[in-house]
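Because the structure is a prediction, the values reported are computed rather than measured. In what follows, chains are A, B, ... by sequence order, proteins preceding strands, each numbered from 1.
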2 protein chains.
Amino acid sequence: MRRNQTGYVILGLLSIESNQSGYDIHKTIKGSVGYFWGESYGQIYPALKRLEAEGLIVSSQSTSAGRAERREYSITPAGHKRLEEWLALPFRDDPPRNELLLKLFFGREAPPSVSIKHVQEYQDGLRRLLGILLETEKIGRARNSDNPNLPFWMLTLTFGVAQIRAALEWSDSALAMLSSAEAAAPLNPPPAENVP
Amino acid sequence: MRRNQTGYVILGLLSIESNQSGYDIHKTIKGSVGYFWGESYGQIYPALKRLEAEGLIVSSQSTSAGRAERREYSITPAGHKRLEEWLALPFRDDPPRNELLLKLFFGREAPPSVSIKHVQEYQDGLRRLLGILLETEKIGRARNSDNPNLPFWMLTLTFGVAQIRAALEWSDSALAMLSSAEAAAPLNPPPAENVP
DNA sequence: ACACACATGTAATTGGTTACATGATTTC
DNA sequence: GAAATCATGTAACCAATTACATGTGTGT
(Lines give C-alpha, C1' and ligand atoms only; values in the text may rest on other atoms or scores of the structure.)
Protein backbone atom coordinates (compact mmCIF):
# COMPACT_ATOMS: atom_id res chain seq x y z
CA MET A 1 0.00 0.00 0.00
CA ARG A 2 1.96 2.97 -1.24
CA ARG A 3 -0.24 5.77 -2.32
CA ASN A 4 -3.27 3.69 -3.00
CA GLN A 5 -5.80 5.70 -1.06
CA THR A 6 -8.52 3.09 -1.30
CA GLY A 7 -7.04 1.25 1.64
CA TYR A 8 -7.08 4.34 3.79
CA VAL A 9 -10.70 5.17 3.04
CA ILE A 10 -11.57 1.65 4.10
CA LEU A 11 -9.51 1.91 7.28
CA GLY A 12 -11.11 5.25 8.04
CA LEU A 13 -14.64 3.99 7.61
CA LEU A 14 -13.94 0.86 9.63
CA SER A 15 -12.48 3.01 12.37
CA ILE A 16 -15.83 4.77 12.63
CA GLU A 17 -17.98 1.68 12.30
CA SER A 18 -16.87 -1.93 12.38
CA ASN A 19 -18.39 -5.12 10.97
CA GLN A 20 -18.87 -3.76 7.51
CA SER A 21 -18.85 -5.80 4.31
CA GLY A 22 -17.39 -4.68 1.00
CA TYR A 23 -20.89 -3.94 -0.13
CA ASP A 24 -21.53 -1.86 2.99
CA ILE A 25 -18.34 0.10 2.47
CA HIS A 26 -19.30 0.94 -1.06
CA LYS A 27 -22.68 2.18 0.09
CA THR A 28 -21.23 4.11 3.01
CA ILE A 29 -18.75 5.87 0.75
CA LYS A 30 -21.52 6.97 -1.56
CA GLY A 31 -23.55 8.28 1.33
CA SER A 32 -20.80 10.07 3.24
CA VAL A 33 -17.65 11.09 1.38
CA GLY A 34 -19.30 10.39 -1.96
CA TYR A 35 -19.34 13.94 -3.20
CA PHE A 36 -15.57 14.27 -2.96
CA TRP A 37 -14.40 10.67 -3.05
CA GLY A 38 -15.53 7.57 -4.91
CA GLU A 39 -14.49 3.94 -4.95
CA SER A 40 -15.66 1.08 -7.16
CA TYR A 41 -16.03 -2.58 -6.28
CA GLY A 42 -13.08 -3.27 -8.50
CA GLN A 43 -10.99 -1.32 -6.01
CA ILE A 44 -12.72 -2.23 -2.77
CA TYR A 45 -12.69 -6.03 -2.84
CA PRO A 46 -9.02 -6.44 -3.77
CA ALA A 47 -8.12 -3.76 -1.22
CA LEU A 48 -9.95 -5.64 1.52
CA LYS A 49 -7.93 -8.77 0.79
CA ARG A 50 -4.70 -6.82 0.79
CA LEU A 51 -5.53 -5.07 4.04
CA GLU A 52 -6.36 -8.36 5.71
CA ALA A 53 -3.14 -9.93 4.45
CA GLU A 54 -1.29 -7.02 6.02
CA GLY A 55 -3.09 -7.54 9.31
CA LEU A 56 -4.70 -4.11 9.24
CA ILE A 57 -8.21 -5.51 9.25
CA VAL A 58 -9.81 -8.84 10.17
CA SER A 59 -12.84 -10.53 8.72
CA SER A 60 -15.49 -12.90 9.91
CA GLN A 61 -17.90 -14.90 7.83
CA SER A 62 -21.38 -13.88 8.79
CA THR A 63 -23.72 -16.81 8.27
CA SER A 64 -27.02 -15.57 9.63
CA ALA A 65 -29.78 -17.84 8.43
CA GLY A 66 -31.75 -16.58 5.47
CA ARG A 67 -29.24 -14.00 4.35
CA ALA A 68 -26.78 -13.90 1.50
CA GLU A 69 -23.28 -14.88 2.47
CA ARG A 70 -21.41 -11.93 3.76
CA ARG A 71 -17.91 -11.22 5.01
CA GLU A 72 -17.65 -8.53 7.64
CA TYR A 73 -14.48 -6.59 8.32
CA SER A 74 -13.18 -4.73 11.34
CA ILE A 75 -10.08 -2.67 11.91
CA THR A 76 -7.20 -3.99 14.04
CA PRO A 77 -4.92 -1.95 16.33
CA ALA A 78 -2.28 -2.14 13.58
CA GLY A 79 -4.82 -0.75 11.16
CA HIS A 80 -5.56 2.08 13.50
CA LYS A 81 -1.90 2.91 13.76
CA ARG A 82 -1.54 2.85 9.99
CA LEU A 83 -4.52 5.15 9.59
CA GLU A 84 -3.09 7.66 12.03
CA GLU A 85 0.25 7.62 10.25
CA TRP A 86 -1.45 8.34 6.97
CA LEU A 87 -3.52 11.15 8.47
CA ALA A 88 -0.35 12.91 9.60
CA LEU A 89 1.24 12.64 6.14
CA PRO A 90 0.91 15.74 3.95
CA PHE A 91 -2.09 15.51 1.66
CA ARG A 92 -1.47 15.88 -2.01
CA ASP A 93 -3.68 18.20 -3.85
CA ASP A 94 -3.72 17.43 -7.52
CA PRO A 95 -5.16 20.19 -9.63
CA PRO A 96 -8.50 18.70 -10.56
CA ARG A 97 -9.13 18.31 -14.25
CA ASN A 98 -12.08 20.41 -15.16
CA GLU A 99 -13.60 19.58 -18.49
CA LEU A 100 -16.13 22.41 -18.32
CA LEU A 101 -13.38 24.99 -18.00
CA LEU A 102 -11.46 23.33 -20.80
CA LYS A 103 -14.44 23.65 -23.12
CA LEU A 104 -15.06 27.24 -22.05
CA PHE A 105 -11.41 28.09 -22.63
CA PHE A 106 -11.82 27.06 -26.27
CA GLY A 107 -15.35 28.46 -26.37
CA ARG A 108 -14.56 30.97 -29.08
CA GLU A 109 -14.21 28.06 -31.55
CA ALA A 110 -17.93 27.35 -31.31
CA PRO A 111 -21.10 29.45 -31.25
CA PRO A 112 -21.73 31.11 -27.87
CA SER A 113 -24.87 29.00 -27.47
CA VAL A 114 -22.63 25.96 -26.94
CA SER A 115 -20.87 27.52 -23.97
CA ILE A 116 -24.16 28.85 -22.64
CA LYS A 117 -25.65 25.38 -22.68
CA HIS A 118 -22.66 23.99 -20.79
CA VAL A 119 -22.86 26.62 -18.08
CA GLN A 120 -26.59 26.11 -17.68
CA GLU A 121 -26.09 22.38 -17.36
CA TYR A 122 -23.39 23.04 -14.82
CA GLN A 123 -25.78 25.25 -12.85
CA ASP A 124 -28.39 22.53 -12.80
CA GLY A 125 -25.88 20.07 -11.45
CA LEU A 126 -24.72 22.52 -8.81
CA ARG A 127 -28.25 23.21 -7.60
CA ARG A 128 -29.01 19.52 -7.41
CA LEU A 129 -25.83 18.85 -5.46
CA LEU A 130 -26.44 21.79 -3.16
CA GLY A 131 -29.84 20.38 -2.29
CA ILE A 132 -28.31 17.00 -1.51
CA LEU A 133 -25.58 18.50 0.66
CA LEU A 134 -27.98 20.66 2.64
CA GLU A 135 -30.23 17.68 3.15
CA THR A 136 -27.29 15.53 4.22
CA GLU A 137 -26.24 18.24 6.63
CA LYS A 138 -29.66 18.43 8.25
CA ILE A 139 -29.99 14.67 8.62
CA GLY A 140 -26.40 14.29 9.76
CA ARG A 141 -26.77 16.90 12.46
CA ALA A 142 -29.98 15.38 13.75
CA ARG A 143 -28.72 11.81 13.81
CA ASN A 144 -25.24 12.45 15.18
CA SER A 145 -25.71 15.25 17.67
CA ASP A 146 -23.51 13.47 20.22
CA ASN A 147 -21.05 11.96 17.76
CA PRO A 148 -17.52 13.31 18.23
CA ASN A 149 -16.94 12.92 14.49
CA LEU A 150 -19.71 15.36 13.65
CA PRO A 151 -17.63 18.57 13.63
CA PHE A 152 -15.18 16.97 11.19
CA TRP A 153 -17.94 15.75 8.94
CA MET A 154 -19.50 19.20 8.98
CA LEU A 155 -16.20 20.68 7.90
CA THR A 156 -16.31 18.72 4.67
CA LEU A 157 -19.94 19.64 4.09
CA THR A 158 -19.49 23.36 4.65
CA PHE A 159 -16.57 23.23 2.25
CA GLY A 160 -18.76 21.76 -0.44
CA VAL A 161 -21.55 24.24 0.21
CA ALA A 162 -19.15 27.19 0.08
CA GLN A 163 -17.62 25.99 -3.19
CA ILE A 164 -21.02 25.43 -4.78
CA ARG A 165 -22.32 28.83 -3.73
CA ALA A 166 -19.25 30.51 -5.21
CA ALA A 167 -19.63 28.48 -8.40
CA LEU A 168 -23.29 29.47 -8.69
CA GLU A 169 -22.45 33.15 -8.39
CA TRP A 170 -19.72 32.77 -10.97
CA SER A 171 -22.05 30.95 -13.34
CA ASP A 172 -24.51 33.85 -13.27
CA SER A 173 -21.83 36.29 -14.32
CA ALA A 174 -20.57 33.79 -16.89
CA LEU A 175 -24.03 33.55 -18.44
CA ALA A 176 -24.30 37.34 -18.51
CA MET A 177 -21.00 37.56 -20.36
CA LEU A 178 -21.87 34.79 -22.80
CA SER A 179 -25.30 36.13 -23.71
CA SER A 180 -23.87 39.56 -24.44
CA ALA A 181 -21.35 37.79 -26.68
CA GLU A 182 -24.18 35.95 -28.38
CA ALA A 183 -26.01 39.20 -29.09
CA ALA A 184 -22.87 40.76 -30.56
CA ALA A 185 -21.30 37.87 -32.47
CA PRO A 186 -22.32 36.11 -35.69
CA LEU A 187 -23.82 32.67 -35.20
CA ASN A 188 -20.58 30.82 -35.87
CA PRO A 189 -17.49 32.94 -35.40
CA PRO A 190 -14.78 32.58 -38.03
CA PRO A 191 -11.80 30.72 -36.56
CA ALA A 192 -9.13 33.22 -35.67
CA GLU A 193 -5.72 31.71 -36.27
CA ASN A 194 -2.37 33.05 -35.28
CA VAL A 195 -3.58 35.53 -32.70
CA PRO A 196 -1.04 35.10 -29.91
CA MET B 1 -9.86 8.95 -29.91
CA ARG B 2 -12.80 8.11 -27.67
CA ARG B 3 -12.73 10.03 -24.47
CA ASN B 4 -9.06 10.71 -24.45
CA GLN B 5 -9.14 14.43 -23.83
CA THR B 6 -5.46 14.95 -24.56
CA GLY B 7 -6.17 15.10 -28.25
CA TYR B 8 -8.76 17.80 -27.80
CA VAL B 9 -6.52 20.00 -25.68
CA ILE B 10 -3.94 19.79 -28.44
CA LEU B 11 -6.50 20.58 -31.12
CA GLY B 12 -7.76 23.49 -29.06
CA LEU B 13 -4.33 24.97 -28.53
CA LEU B 14 -3.38 24.51 -32.17
CA SER B 15 -6.61 26.23 -33.18
CA ILE B 16 -5.44 29.29 -31.24
CA GLU B 17 -1.84 29.19 -32.38
CA SER B 18 -0.28 27.00 -35.06
CA ASN B 19 3.24 25.76 -35.64
CA GLN B 20 3.70 24.41 -32.15
CA SER B 21 5.94 21.50 -31.19
CA GLY B 22 5.14 18.89 -28.56
CA TYR B 23 7.45 20.73 -26.26
CA ASP B 24 5.66 24.03 -26.95
CA ILE B 25 2.29 22.46 -26.28
CA HIS B 26 3.45 21.16 -22.95
CA LYS B 27 4.68 24.61 -21.99
CA THR B 28 1.58 26.34 -23.26
CA ILE B 29 -0.65 24.01 -21.26
CA LYS B 30 1.25 24.79 -18.09
CA GLY B 31 1.00 28.51 -18.73
CA SER B 32 -2.65 28.70 -19.75
CA VAL B 33 -4.98 25.89 -18.69
CA GLY B 34 -2.41 24.52 -16.27
CA TYR B 35 -4.32 25.26 -13.11
CA PHE B 36 -7.26 23.11 -14.18
CA TRP B 37 -5.72 20.81 -16.76
CA GLY B 38 -2.38 19.02 -17.08
CA GLU B 39 -0.74 16.81 -19.66
CA SER B 40 2.55 14.94 -19.56
CA TYR B 41 4.93 14.22 -22.42
CA GLY B 42 3.94 10.59 -22.14
CA GLN B 43 0.50 11.65 -23.29
CA ILE B 44 1.34 14.47 -25.65
CA TYR B 45 3.80 12.84 -28.07
CA PRO B 46 1.76 9.71 -28.75
CA ALA B 47 -1.35 11.87 -29.11
CA LEU B 48 0.37 14.03 -31.73
CA LYS B 49 1.18 10.95 -33.81
CA ARG B 50 -2.36 9.68 -33.50
CA LEU B 51 -3.86 13.03 -34.45
CA GLU B 52 -1.63 13.28 -37.49
CA ALA B 53 -2.50 9.73 -38.56
CA GLU B 54 -6.15 10.75 -38.35
CA GLY B 55 -5.51 13.80 -40.48
CA LEU B 56 -6.57 16.23 -37.78
CA ILE B 57 -3.18 17.92 -37.65
CA VAL B 58 -0.18 18.16 -39.98
CA SER B 59 3.49 18.49 -39.12
CA SER B 60 6.54 19.98 -40.71
CA GLN B 61 10.13 19.38 -39.82
CA SER B 62 11.63 22.67 -38.82
CA THR B 63 15.33 22.66 -39.65
CA SER B 64 16.42 26.17 -38.85
CA ALA B 65 20.18 26.26 -38.66
CA GLY B 66 21.63 26.15 -35.17
CA ARG B 67 18.53 24.88 -33.44
CA ALA B 68 17.57 21.50 -32.06
CA GLU B 69 15.44 19.43 -34.38
CA ARG B 70 11.85 20.25 -33.96
CA ARG B 71 8.56 19.09 -35.44
CA GLU B 72 5.87 21.73 -35.65
CA TYR B 73 2.20 20.92 -35.84
CA SER B 74 -0.80 22.80 -37.19
CA ILE B 75 -4.48 22.00 -37.18
CA THR B 76 -6.28 20.95 -40.38
CA PRO B 77 -9.87 21.80 -41.39
CA ALA B 78 -10.81 18.26 -40.33
CA GLY B 79 -9.21 18.94 -36.95
CA HIS B 80 -11.21 22.09 -36.60
CA LYS B 81 -14.40 20.24 -37.33
CA ARG B 82 -13.51 17.58 -34.78
CA LEU B 83 -12.78 20.20 -32.17
CA GLU B 84 -16.12 21.88 -32.73
CA GLU B 85 -17.94 18.58 -32.45
CA TRP B 86 -16.24 17.86 -29.17
CA LEU B 87 -17.03 21.33 -27.83
CA ALA B 88 -20.73 20.74 -28.44
CA LEU B 89 -20.69 17.41 -26.63
CA PRO B 90 -21.82 17.49 -22.98
CA PHE B 91 -18.91 17.87 -20.62
CA ARG B 92 -18.48 15.27 -17.94
CA ASP B 93 -17.92 16.50 -14.52
CA ASP B 94 -16.28 13.87 -12.38
CA PRO B 95 -16.47 14.59 -8.68
CA PRO B 96 -12.88 15.57 -7.97
CA ARG B 97 -11.11 13.43 -5.43
CA ASN B 98 -10.13 15.66 -2.58
CA GLU B 99 -7.54 14.16 -0.28
CA LEU B 100 -7.63 17.08 2.14
CA LEU B 101 -11.34 16.59 2.74
CA LEU B 102 -10.79 12.87 3.11
CA LYS B 103 -8.24 13.43 5.84
CA LEU B 104 -10.43 16.01 7.55
CA PHE B 105 -13.37 13.63 7.44
CA PHE B 106 -11.36 11.15 9.51
CA GLY B 107 -9.76 13.96 11.49
CA ARG B 108 -11.14 12.74 14.79
CA GLU B 109 -8.76 9.74 14.61
CA ALA B 110 -5.75 12.02 15.05
CA PRO B 111 -4.90 14.98 17.27
CA PRO B 112 -6.53 18.24 16.11
CA SER B 113 -3.06 19.65 15.37
CA VAL B 114 -2.83 17.26 12.43
CA SER B 115 -5.95 18.67 10.79
CA ILE B 116 -4.88 22.19 11.64
CA LYS B 117 -1.58 21.69 9.88
CA HIS B 118 -3.32 20.38 6.79
CA VAL B 119 -5.68 23.33 6.59
CA GLN B 120 -2.83 25.79 7.07
CA GLU B 121 -0.88 24.12 4.31
CA TYR B 122 -3.95 24.27 2.14
CA GLN B 123 -4.28 28.00 2.83
CA ASP B 124 -0.67 28.58 1.84
CA GLY B 125 -1.25 26.79 -1.44
CA LEU B 126 -4.43 28.76 -2.08
CA ARG B 127 -2.74 32.09 -1.48
CA ARG B 128 0.13 31.17 -3.75
CA LEU B 129 -2.24 30.07 -6.49
CA LEU B 130 -4.39 33.17 -6.07
CA GLY B 131 -1.33 35.33 -6.59
CA ILE B 132 -0.45 33.43 -9.76
CA LEU B 133 -3.97 33.66 -11.14
CA LEU B 134 -4.26 37.39 -10.46
CA GLU B 135 -0.89 37.94 -12.09
CA THR B 136 -1.90 35.81 -15.08
CA GLU B 137 -5.10 37.81 -15.36
CA LYS B 138 -3.27 41.13 -15.40
CA ILE B 139 -0.71 40.02 -17.97
CA GLY B 140 -3.32 38.24 -20.06
CA ARG B 141 -5.55 41.31 -20.22
CA ALA B 142 -2.66 43.58 -21.16
CA ARG B 143 -1.26 41.31 -23.85
CA ASN B 144 -4.52 40.21 -25.42
CA SER B 145 -6.75 43.26 -25.26
CA ASP B 146 -7.90 42.72 -28.87
CA ASN B 147 -7.91 38.92 -28.79
CA PRO B 148 -11.40 37.51 -29.31
CA ASN B 149 -10.47 34.59 -27.05
CA LEU B 150 -9.87 36.86 -24.10
CA PRO B 151 -13.42 36.84 -22.65
CA PHE B 152 -13.38 33.03 -22.64
CA TRP B 153 -9.99 32.88 -21.00
CA MET B 154 -11.13 35.35 -18.38
CA LEU B 155 -14.12 33.13 -17.64
CA THR B 156 -11.82 30.33 -16.56
CA LEU B 157 -9.68 32.68 -14.50
CA THR B 158 -12.57 34.30 -12.66
CA PHE B 159 -13.85 30.82 -11.89
CA GLY B 160 -10.58 29.91 -10.26
CA VAL B 161 -10.40 33.16 -8.32
CA ALA B 162 -13.97 32.75 -7.05
CA GLN B 163 -13.30 29.18 -5.93
CA ILE B 164 -10.10 30.13 -4.17
CA ARG B 165 -11.69 33.07 -2.37
CA ALA B 166 -14.50 30.84 -1.13
CA ALA B 167 -12.01 28.21 -0.05
CA LEU B 168 -9.96 30.80 1.85
CA GLU B 169 -13.04 31.99 3.73
CA TRP B 170 -13.96 28.41 4.54
CA SER B 171 -10.44 27.64 5.74
CA ASP B 172 -10.60 30.49 8.25
CA SER B 173 -13.77 29.10 9.78
CA ALA B 174 -12.28 25.61 9.67
CA LEU B 175 -9.24 26.75 11.61
CA ALA B 176 -11.47 28.46 14.16
CA MET B 177 -13.40 25.25 14.68
CA LEU B 178 -10.29 23.10 14.90
CA SER B 179 -8.47 25.30 17.38
CA SER B 180 -11.47 25.34 19.69
CA ALA B 181 -11.44 21.54 19.43
CA GLU B 182 -7.76 21.52 20.28
CA ALA B 183 -8.38 23.60 23.40
CA ALA B 184 -11.14 21.26 24.53
CA ALA B 185 -9.79 17.83 23.59
CA PRO B 186 -6.97 15.73 25.05
CA LEU B 187 -3.84 15.60 22.90
CA ASN B 188 -4.72 12.29 21.31
CA PRO B 189 -8.40 11.45 21.47
CA PRO B 190 -9.30 7.88 22.34
CA PRO B 191 -10.55 6.07 19.24
CA ALA B 192 -14.31 5.90 19.46
CA GLU B 193 -15.49 2.65 17.94
CA ASN B 194 -19.01 1.63 17.14
CA VAL B 195 -20.54 5.06 17.18
CA PRO B 196 -22.92 4.93 14.24
C1' DA C 1 -43.13 -13.57 -12.40
C1' DC C 2 -40.38 -9.64 -12.05
C1' DA C 3 -37.66 -6.21 -10.26
C1' DC C 4 -34.77 -4.62 -6.87
C1' DA C 5 -31.50 -4.74 -3.16
C1' DC C 6 -27.97 -7.68 -1.17
C1' DA C 7 -23.59 -9.74 -1.99
C1' DT C 8 -18.80 -11.02 -4.05
C1' DG C 9 -15.61 -11.12 -7.04
C1' DT C 10 -12.44 -11.05 -11.74
C1' DA C 11 -10.81 -9.50 -16.35
C1' DA C 12 -10.19 -6.23 -19.75
C1' DT C 13 -9.26 -1.89 -20.76
C1' DT C 14 -8.22 2.88 -20.24
C1' DG C 15 -5.92 6.71 -18.70
C1' DG C 16 -2.18 8.60 -16.79
C1' DT C 17 2.35 9.47 -14.36
C1' DT C 18 7.13 8.66 -13.80
C1' DA C 19 11.36 7.07 -14.97
C1' DC C 20 14.38 6.18 -18.46
C1' DA C 21 17.14 7.33 -22.57
C1' DT C 22 19.33 10.61 -25.57
C1' DG C 23 21.21 14.63 -27.45
C1' DA C 24 21.73 19.72 -28.99
C1' DT C 25 22.05 24.60 -27.79
C1' DT C 26 22.29 28.49 -24.81
C1' DT C 27 23.68 30.95 -20.84
C1' DC C 28 26.48 31.70 -16.85
C1' DG D 1 33.07 23.63 -18.04
C1' DA D 2 28.60 23.28 -15.88
C1' DA D 3 23.87 24.02 -15.66
C1' DA D 4 19.60 25.14 -17.64
C1' DT D 5 16.54 24.90 -21.40
C1' DC D 6 15.15 22.98 -25.76
C1' DA D 7 13.70 18.81 -27.83
C1' DT D 8 11.71 13.90 -28.64
C1' DG D 9 10.38 9.82 -27.50
C1' DT D 10 9.54 4.84 -25.04
C1' DA D 11 8.77 1.51 -21.24
C1' DA D 12 7.21 0.31 -16.90
C1' DC D 13 4.07 0.88 -13.83
C1' DC D 14 -0.04 2.31 -11.29
C1' DA D 15 -4.74 3.64 -10.45
C1' DA D 16 -9.27 3.17 -11.65
C1' DT D 17 -13.48 2.26 -14.25
C1' DT D 18 -16.42 -0.82 -16.63
C1' DA D 19 -18.04 -4.92 -18.01
C1' DC D 20 -18.61 -9.45 -16.99
C1' DA D 21 -20.09 -13.35 -14.14
C1' DT D 22 -22.93 -15.33 -10.53
C1' DG D 23 -26.19 -16.10 -7.03
C1' DT D 24 -29.68 -15.16 -2.88
C1' DG D 25 -33.50 -12.88 -0.62
C1' DT D 26 -37.40 -9.57 -0.42
C1' DG D 27 -41.24 -7.02 -1.87
C1' DT D 28 -44.97 -6.24 -5.36
Mind checking side chain to side chain contact (heavy atoms under 4.5 Å, CB included) for Ile132(A) and listing every partner two or more places apart, or none if nothing turns up?
Thr136(A)
Does [X] have any side-chain hydrogen bond (donor to acceptor under 3.5 Å, both in side chains) partners at least two apart in sequence or in another chain, and if so, which?
X: Glu85(A); answer: none
X: Thr76(B); answer: none
X: Glu121(B); answer: none
X: Trp86(A); answer: none

Calculate the interatomic distance between [X] atom [atom1] and [N] atom [atom2]; express it in whole Å.
X: Gln61(A); N: dT24(D); atom1: CD; atom2: P; value: 15 Å
X: Lys27(B); N: dA4(D); atom1: NZ; atom2: P; value: 17 Å
X: Lys30(B); N: dT5(D); atom1: NZ; atom2: C1'; value: 11 Å
X: His26(A); N: dA16(D); atom1: NE2; atom2: P; value: 14 Å
X: Asp94(B); N: dA15(D); atom1: CG; atom2: P; value: 18 Å
X: Leu102(B); N: dA15(D); atom1: CG; atom2: P; value: 15 Å
X: Ile44(A); N: dA15(D); atom1: CD1; atom2: P; value: 16 Å
X: Arg97(B); N: dC14(D); atom1: CZ; atom2: C1'; value: 13 Å

Using ring pair (Phe, Tyr, Trp, His ring centres under 6.0 Å) as the criterion, list what pairs up with Phe159(B), not counting sequence neighbours.
Trp170(A)
Please enumerate all residues that pass ring pair (Phe, Tyr, Trp, His ring centres under 6.0 Å) together with Phe106(B), with sequence neighbours excluded.
none
Using nucleotides 8-10 of chain D, report all nitrogen or oxygen pairs with the protein that are shorter than 3.5 Å.
unit_1 : atom_1 : unit_2   : atom_2 : d
dT8(D) : OP1    : Arg71(B) : N      : 2.9
dT8(D) : OP2    : Tyr23(B) : N      : 3.1
dT8(D) : OP2    : Tyr45(B) : OH     : 2.9
dT8(D) : O5'    : Tyr45(B) : OH     : 3.4

Does anything in residues 109-135 of chain B form a ring-ring contact (aromatic ring centres under 6.0 Å, His included)? List the pairs, not counting sequence neighbours.
Phe91(A)-His118(B)
Qualifying ring-ring contact (aromatic ring centres under 6.0 Å, His included) pairs with a residue from residues 16-40 of chain B, counting only residues at least two apart or across chains
His26(B)-Tyr41(B)
In residues 31-40 of chain B, which residues come under 4.0 Å of DNA chain D by heavy atom?
none
Are side-chain N/O atoms of Asn149(B) and Glu109(A) paired as donor and acceptor at under 3.5 Å?
no
Degree of bending in the helix from dA1(C)-dT28(D) to dC28(C)-dG1(D) once both end axes are built from five pairs, to 10°:
30°
Thinking salt bridges, do Lys49(A) and Glu54(A) make one under a 4.0 Å N-O criterion?
no
